[in-house]
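A short worksheet on the structure shown next.
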Amino acid sequence: MRFTTSPLTTAIAATFVAVSNGHMIMATPKPFGGPDLDNSPLTSSNYPCKLKGDPATFYSTAGLDNTMAIGESQTLSFKGSAVHGGGSCQLAITQDLQPSVSTSWQVIESIEGGCPSKSGQGPDTYDFKIPDGVAPGKYVFAWTWISKLAGQPEYYMNCAPITVMGGKSKRSDNETLEILPRDSQFPELFVANLADINSCKTTPGTDPEYPNPGPNVVRPGTNSNFAKVQDNNCVPKGAESDGSSGTVETRAQALVLLQAVVQLLLVVQALVVLCQESS
């Protein structure tokens, strides 16, 4: 018996293949999740990073070597085909090596429009840098994506372990100091379209303009349709839209107080020396 393939069957098969290979997964930096990492949008239950199963197992760094020098060009690339017309992306880091729903992130670059596709037709690669103000050490890197033409609000996120090394160029003393707990120039991560995380929503068919994109903003798209996000609750649980969380704010206040005490002690010491010299 001879079987023939109709155009309809071929179209259905092609659609199935496109769906199964569609959406996008971060290729570099090499992400957590291994071969089990799927390319579907996030839900509230697997935020952040498409977390699956035991965090200690999921966030294992075995076989993942992503070393980055401060100030040197790095590559962001993708696997997949369904770019959904592009959208807006953010790149962020955290010192929490097993990020959870309440982890605070530092945005190092915002790509408004044209991500992960500059033309909206196919995936592109992007250059980025670990900026001055980030201390050398181990971090988790995150790529997030608000898709443009998916038909409904979506949020994508992949994460990767990175080791940040000192750059080749000379940096000032202030730049080499690690700011605890965050450098204010790097805002909190934008999170949206996840009902159990926050109430923030984006508008389908648009390239979101981030409420607080930070100082490193690029707009590589060729056919962007920008739209401002009006909601002010577009951050992870426990964080504030100005880039701080309750714990972070408390630690920052403690650091300021400690610095004031040190300055006072130095003044007292100088006065004691002056009195001894006068007597």
Side-chain angles (χ1 to χ4, degrees), residues 15 18-19 22-26 38-51 76 78 80-92 101-124 126 128 142-159 186-243 245:
T15 300
V19 170
H23 298 127
M24 306 304 296
I25 292 178
M26 182 172 68
D38 66 72
N39 54 19
S40 60
L42 258 69
T43 65
S44 297
S45 63
N46 61 14
Y47 173 86
C49 303
K50 292 302 289 286
L51 176 61
L76 174 69
F78 305 96
S81 58
V83 297
H84 293 315
S88 295
C89 302
Q90 281 192 318
L91 311 182
V101 68
S102 59
T103 291
S104 182
W105 300 81
Q106 293 177 297
V107 173
I108 59 172
E109 184 170 309
S110 292
I111 307 172
E112 295 186 331
C115 181
S117 173
K118 298 172 185 177
S119 66
Q121 301 301 313
D124 286 297
Y126 300 79
F128 71 94
W143 159 73
T144 68
W145 172 35
I146 307 292
S147 57
K148 181 177 181 179
L149 299 178
Q152 64 279 329
E154 292 181 336
Y155 189 81
Y156 293 80
M157 184 179 193
N158 292 154
C159 301
F186 305 129
E188 184 59 81
L189 182 68
F190 179 89
V191 181
N193 307 324
L194 299 174
D196 293 338
I197 305 300
N198 58 40
S199 60
C200 187
K201 292 285 187 182
T202 59
T203 303
T206 67
D207 300 282
E209 290 182 313
Y210 294 109
N212 192 1
N216 300 319
V217 183
V218 294
R219 290 188 166 187
T222 59
N223 59 352
S224 298
N225 178 27
F226 295 113
K228 294 185 180 297
V229 179
Q230 302 301 328
D231 201 308
N232 60 0
N233 184 34
C234 301
V235 292
K237 283 187 175 180
E240 298 177 3
S241 58
D242 63 354
S245 67

Practice item. Using modelled atom types only, decide if a donor and an acceptor are shared between the side chain of Asp124 and the backbone of Lys118 within a distance under 3.5 Å. Key: yes

| query | For the side chain of Glu109 and the backbone of Gln90, is there at least one donor-acceptor N/O pair under 3.5 Å apart? | reply | no

Sidechain-backbone polar pair: Asn198 side chain, Val191 backbone, donor-acceptor under 3.5 Å: yes

Hits for salt bridge (charged side-chain N to carboxylate O under 4.0 Å, His left out) against Asp231, two or more places apart or cross-chain, chain-then-number order -> none

Hey, are the side chains of Asn233 and Cys200 touching, using non-hydrogen atoms and a 4.5 Å cut-off?
no

Heavy-atom closest pair (Ala195 atom, Ser44 atom, distance to 0.1 Å) is N-OG, 3.5 Å

- For the residue pair His84 and Tyr156, does the interplanar ring angle fall in the parallel (under 30°), tilted (30 to 60°) or perpendicular (over 60°) class? tilted

Minimum side-chain heavy-atom gap Tyr47-Pro236 below 4.5 Å = yes

Glu112 meets the salt bridge (charged side-chain N to carboxylate O under 4.0 Å, His left out) criterion, sequence neighbours left out, with Arg219

Thr202 meets the side-chain hydrogen bond (donor to acceptor under 3.5 Å, both in side chains) criterion, sequence neighbours left out, with Asn193

Residues Phe78 and Met26: closest non-hydrogen pair is CD2-CA, 4.0 Å

Closest non-hydrogen contact found for Val235 with Ala239 is CG2-O, 3.4 Å

Asn225 and Gly205 have their tightest heavy-atom pair at ND2-O, 3.0 Å

Output for pair (Met24 CE, Ser147 OG), nearest 0.5 Å, gives 11.5 Å

Closest non-hydrogen atoms of Ala227 and Thr206, given as atom of the first, atom of the second and distance, are CB-CB, 3.6 Å

- Item | Donor-acceptor contact present, side-chain Ser88 to main-chain Gly113, <3.5 Å | yes

Checking the side chain of Ser117 only, and the main-chain atoms of Gly85 only, is there a donor and an acceptor separated by less than 3.5 Å? no

Sorted by chain and number, sequence neighbours left out, ring-ring contact (aromatic ring centres under 6.0 Å, His included) with Tyr210 holds for Phe190

So NZ of Lys201 and SG of Cys234: to nearest 0.5 Å the spacing works out to 11.0 Å

With Tyr155 as partner, the option from Thr144, Thr43, Ile197 fulfilling side chain to side chain contact (heavy atoms under 4.5 Å, CB included) is Thr144

Minimal heavy-atom distance between Ala192 and Ile146, with the atoms involved, is CB-CD1, 4.5 Å

From the list Asn39, Asn158, Asp38, side chain to side chain donor-acceptor pair (under 3.5 Å) with Lys50 holds only for Asp38

For the residue pair Lys148 / Ser224, report whether a side-chain donor-acceptor contact shorter than 3.5 Å exists.
no

* Would you say the side chain of Met157 lies within less than 4.5 Å of the side chain of Leu189, judging by non-hydrogen atoms? -> yes

> Heavy atoms, side chains only, cut-off 4.5 Å: are Trp143 and Leu91 in contact?
Replying inline: yes

side-chain hydrogen bond (donor to acceptor under 3.5 Å, both in side chains) filter on Thr222, not counting sequence neighbours, yields none

Separation between CG (Asn223) and CG (Asp207), nearest 0.5 Å, reads 7.5 Å

Residues at least two apart in sequence or cross-chain that pass side-chain contact (heavy atoms from CB on, under 4.5 Å) with Pro215, listed by chain then number, are Gln185

Value for OG (Ser40) from CD (Glu154), rounded to nearest 0.5 Å, stands at 9.0 Å

Rounding to 0.5 Å, atoms CH2 (Trp145) and SG (Cys115) come to a distance of 8.5 Å

